[in-house]
Amino acid sequence: MASEKTPTPLGSNFIRAIVDKDLEQGVYQSRKWAGSPGDAAHQAAGQPDAAKIRTRFPPEPNGYLHIGHAKSIFLNFGLARDYAGVCHLRFDDTNPEKESQEYVDSITDAVKWLGFSWENGQESNLYFASNYFDFMYRAAESLIENGHAYVDSQTPEEMRITRGTLTEAGKNSPWRDRTVAENLTLFREMRDGKHADGSLILRTKIDMASPNINLRDPAIYRVRRAHHHNTGDKWCIYPMYTFAHPIEDALEQITHSICTLEFEDQRPFYDWLLERLAEAGLLAHPLPKQYEFARLNLTYVVLSKRKLIQLVEEKHVSGWDDPRLPTLAGARRRGYVAEGFKLFTDRIGVSKADSWIEYTILEDCMREVLNEGSERRIAVLDPIKLVIDNYPLDSNGKSQVEDCFAPNHPLKPELGKRVVPLTRELWIEREDFMEVPSKGFFRLVPDGLVRLRYGYVVKCTGCEKDANGNVTVVHCEYLPDTKSGTPGSDSIKVKGNIHWVSVTHAYECEVRLYDRLFKEAHPGQGHTEDGRDRDFLTDLNPNSVTVITAQLEPSLKDAKAEDSFQFERHGYFVADIKDSVAGTPVFNRTVTLRDAWQK
RNA sequence: UGGGGAGUCGCCAAGUUGGUUAAGGCACUGGGUUUUGAUCCCAGCAUCCGAAGGUUCGAGUCCUUCCUCCUCAGCCA
């Protein structure tokens, strides 16, 4: 029998393959869930977990989320959604010195904005690693009791030296053989504040000669007197990521713990730790498993937290939500939409290969969803006056005002039309007129015909110039029988089609035109002429924002913050969420339209 | 020069246990529609899977060697 080849489902990736296999083999069938995170005893009292899988998105609240995090969010929450599972939002807040509530709030906002929720029925799967400090402490004592951990009195410098190098084995610490009782006493003293910051450290006892440096007795608990945003001053010892993260996953009954490639070397320790705690009866099988994927690299963008912080603190941008920043807060303000990020993450896939995604992929995704959902409006960004000399005046010598009808969306007639008033004097785009046309230019030229979009065909009769020879006013005459929507509209075919706004009706408005923040595809990559690493700041684009005064069609005055429009022939623009006031919105250019015309 | 990873079209990326014509998207190139030089539609776009050998009736998929890139020596995450 010929087997039919089933087409590869869209978005297939190696992690989905793993989940498929695990589900098929029932690897996690015996899992129980007591309704909240907890140790083996706690979960054993619960019900079989209704969630087929549990994933988690575990940011450290020490900065704003960026586009790279969006990839991880869509991966983790998307997996949970597609496999009838649950995804937890967990703050990995084990280092009190760098974390704050401001970041916690910005992160929850961003995840919600992307369209995800950690609510699952009555349950809220929003957790803090710091809420597990009691268990972590217990786990550490258990390790000590079973001879798997010891308190080291070496200085950080001594530890660095005895750790060895990439090619040489390390040496055992002179304190490695302290008795269990001695270790327990010292660790409790650490907890009780009897030792100075940095004087003592708890380490697991594994193998100082391991070729994997992460297994050379990694440090798991340090003494640090710092105020924690969640636990206050309760603790003066804090667990380290290496130790804390596997435990967080296990307590939350996570099945698939997905992180980026740089943690691959950490996986043996992840498994080692969990097995030791399972042996001690603190945790139960099946234990969570860690999988790694390649982090996102985007051309013309920096995504390292350190660099983003620097851009904000040194005020190269206006703040974390500067529309030029790749933060989710910035992208939102720029007018990027959640649906566009979903398209983007679907499009770039998930793999273990290091890659650089072209920034235009992201822009195309935004264009694609914005094109579908945005109503059209007319805006003249670089205005020059066009006078229709033969347009009728009334008895007072004022221009006639005529209604023209512009569809709100060319592909969606059901969205209706709106009125745009036509008068004798209009604003048109400066670049739509050329006294001496370049090759292929088919807009306004002397003696040429062009259609005033949704209005009449006009014939250019000339222009006025100032002393410097710059065009100040363009003149034309209209052909009365050619109005759009009338039988005569097709009597004359013209190729050019330009947009306009009535001078007497226009809404004069501030518009910000954004360009890429960096002028190099790989900011800061490579070396200077004298062989040093290049500073990414030298690649900053000095013209990443231009603020202009544009002439918009009158209806735009009513736009509310975050309303998105396509300004015809220009691109997508959003009413700024911060600076728009009711009745006087200001706009940010999200992204331009594609422009195939080679000028 | 230790360990752990990755190398499939310009950019991403599918390729189940080897099975015959190497998915798909983006980009690009033609052509069509169009009152946005937009959108949309249609067509084209890897004899080849980092390289070289080998096993096999058959290899991107197995073996060997080699090359390139990423990553690990915080009491950060």
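Chain naming here is simple, since letters A, B, ... match the order of the sequence lines and numbering starts at 1 in each.
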Name every residue in [range] that has at least one heavy atom under 4.0 Å from any atom of RNA chain B, in order of residue number, or write none if there are no such residues.
| range | value |
| --- | --- |
| residues 60-74 of chain A | A:E60 |
| residues 238-246 of chain A | A:M240, A:Y241 |
| residues 301-309 of chain A | none |
| residues 402-412 of chain A | A:P410, A:L411 |
| residues 188-199 of chain A | A:G198 |

Rounded to whole Å, please give me the gap between [atom1] in [X] and [atom2] in [N].
| X | N | atom1 | atom2 | value |
| --- | --- | --- | --- | --- |
| A:L166 | B:G74 | CG | P | 10 Å |
| A:W356 | B:C69 | CH2 | P | 16 Å |
| A:R216 | B:G4 | CZ | P | 13 Å |
| A:W597 | B:A38 | CH2 | C1' | 15 Å |
| A:N214 | B:G2 | CG | P | 18 Å |
| A:F14 | B:U16 | CZ | C1' | 16 Å |

Sequence neighbours excluded and cut-off under 3.5 Å, please list the side-chain donor-acceptor pairs for residues 371-383 of chain A, or say none.
{"unit_1": "A:N371", "atom_1": "OD1", "unit_2": "A:R376", "atom_2": "NH1", "d": "3.3"}
{"unit_1": "A:N371", "atom_1": "OD1", "unit_2": "A:R376", "atom_2": "NH2", "d": "3.4"}
{"unit_1": "A:S374", "atom_1": "OG", "unit_2": "A:L370", "atom_2": "O", "d": "2.8"}
{"unit_1": "A:E375", "atom_1": "OE1", "unit_2": "A:R377", "atom_2": "NH1", "d": "3.1"}
{"unit_1": "A:E375", "atom_1": "OE1", "unit_2": "A:R377", "atom_2": "NH2", "d": "3.0"}
{"unit_1": "A:R376", "atom_1": "NE", "unit_2": "A:S374", "atom_2": "O", "d": "3.3"}
{"unit_1": "A:R376", "atom_1": "NH2", "unit_2": "A:N371", "atom_2": "O", "d": "2.5"}
{"unit_1": "A:R376", "atom_1": "NH2", "unit_2": "A:S374", "atom_2": "O", "d": "3.1"}
{"unit_1": "A:R377", "atom_1": "NE", "unit_2": "A:S555", "atom_2": "OG", "d": "3.4"}
{"unit_1": "A:R377", "atom_1": "NH1", "unit_2": "A:N408", "atom_2": "OD1", "d": "3.3"}
{"unit_1": "A:D382", "atom_1": "OD1", "unit_2": "A:R430", "atom_2": "NE", "d": "3.4"}

May I ask you to say what [X] touches in the nucleic acid, namely base, sugar-phosphate or nothing, with a heavy-atom cut-off under 4.0 Å?
| X | answer |
| --- | --- |
| A:N497 | base |
| A:V223 | nothing |
| A:G485 | base |
| A:R367 | nothing |
| A:Q266 | base |
| A:S489 | base |

Mind checking whether [X] and [Y] have ring centres under 6.0 Å apart?
| X | Y | answer |
| --- | --- | --- |
| A:F74 | A:F344 | no |
| A:Y221 | A:F187 | yes |
| A:H69 | A:Y64 | no |
| A:H522 | A:W356 | yes |
| A:F587 | A:F573 | no |

Please determine whether a side-chain nitrogen of the Lys or Arg among [X] and [Y] lies less than 4.0 Å from a carboxylate oxygen of the Asp or Glu.
| X | Y | value |
| --- | --- | --- |
| A:R443 | A:E429 | no |
| A:K305 | A:E60 | no |
| A:R56 | A:E248 | no |

Checking A:F91 now: which residues fulfil ring pair (Phe, Tyr, Trp, His ring centres under 6.0 Å) with it, not counting sequence neighbours?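 A:F128.
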Do any pairs count as a salt bridge (Lys or Arg N to Asp or Glu O under 4.0 Å) and have a residue in residues 348-371 of chain A, sequence neighbours left out, and if so which ones?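 Found A:E264-A:K352, A:E292-A:K352, A:R347-A:E368, A:D364-A:R367.
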Could you note down all residue pairs passing salt bridge (Lys or Arg N to Asp or Glu O under 4.0 Å) where residues 160-170 of chain A supplies at least one of them, sequence neighbours left out?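 Checked against salt bridge (Lys or Arg N to Asp or Glu O under 4.0 Å) - neighbours excluded - the pairs reaching residues 160-170 of chain A are A:E157-A:R160.
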So does A:D265 reach the base of B:G3 with its side chain, donor to acceptor, closer than 3.5 Å? yes
Should the side chain of A:Q566 and the base of B:U36 be counted as holding a donor-acceptor pair, with the cut-off at 3.5 Å? yes
Can you establish whether the number of heavy atoms outside [X] located under 6.0 Å from its atom [atom1] is more than 12?
| X | atom1 | answer |
| --- | --- | --- |
| A:K171 | NZ | no |
| A:W175 | CH2 | no |
| A:K412 | NZ | yes |

Contacts table for residues 490-498 of chain A: side-chain donor-acceptor under 3.5 angstrom, sequence neighbours left out:
{"unit_1": "A:S491", "atom_1": "OG", "unit_2": "A:G488", "atom_2": "O", "d": "2.6"}

Range-with-range stems for RNA chain B, at least three Watson-Crick or G-U pairs under 3.5 Å: B:2-7 with B:67-72, B:10-12 with B:24-26, B:28-32 with B:40-44, B:50-54 with B:62-66
Review item, nucleotides 27-33 of chain B N/O atoms under 3.5 Å of protein N/O:
{"unit_1": "B:A27", "atom_1": "OP1", "unit_2": "A:D364", "atom_2": "OD2", "d": "3.4"}
{"unit_1": "B:A27", "atom_1": "OP1", "unit_2": "A:R594", "atom_2": "NH1", "d": "2.9"}
{"unit_1": "B:C28", "atom_1": "OP2", "unit_2": "A:R594", "atom_2": "NH2", "d": "3.2"}

Counting only side-chain nitrogens and oxygens, does [X] get under 4.0 Å of the OP1 or OP2 atom of [N]?
| X | N | value |
| --- | --- | --- |
| A:R163 | B:C75 | yes |
| A:R222 | B:C76 | yes |
| A:T167 | B:U1 | no |

Any side-chain heavy atom of A:R222 within less than 4.5 Å of one from A:M190?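 Not in contact.
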Using the ring of A:F405 (Phe, Tyr or Trp, six-membered ring only), decide whether A:K417 places NZ or CZ under 6.0 Å from its centre and within 45 degrees of its axis. no
In B:G74, glycosidic geometry as syn within 90° of 0 or anti otherwise: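 It is syn.
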Quick one: do A:H256 and A:Y291 satisfy ring-ring contact (aromatic ring centres under 6.0 Å, His included)? Show the steps, please. CA-CA 7 Å; A:H256 304 265; A:Y291 303 95; 5.7 Å; yes
Under 3.5 Å, is there a donor-acceptor pair between the A:Y83 and A:D20 side chains?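 A pair is found: one side chain offers a donor N or O, the other an acceptor, under 3.5 Å apart.
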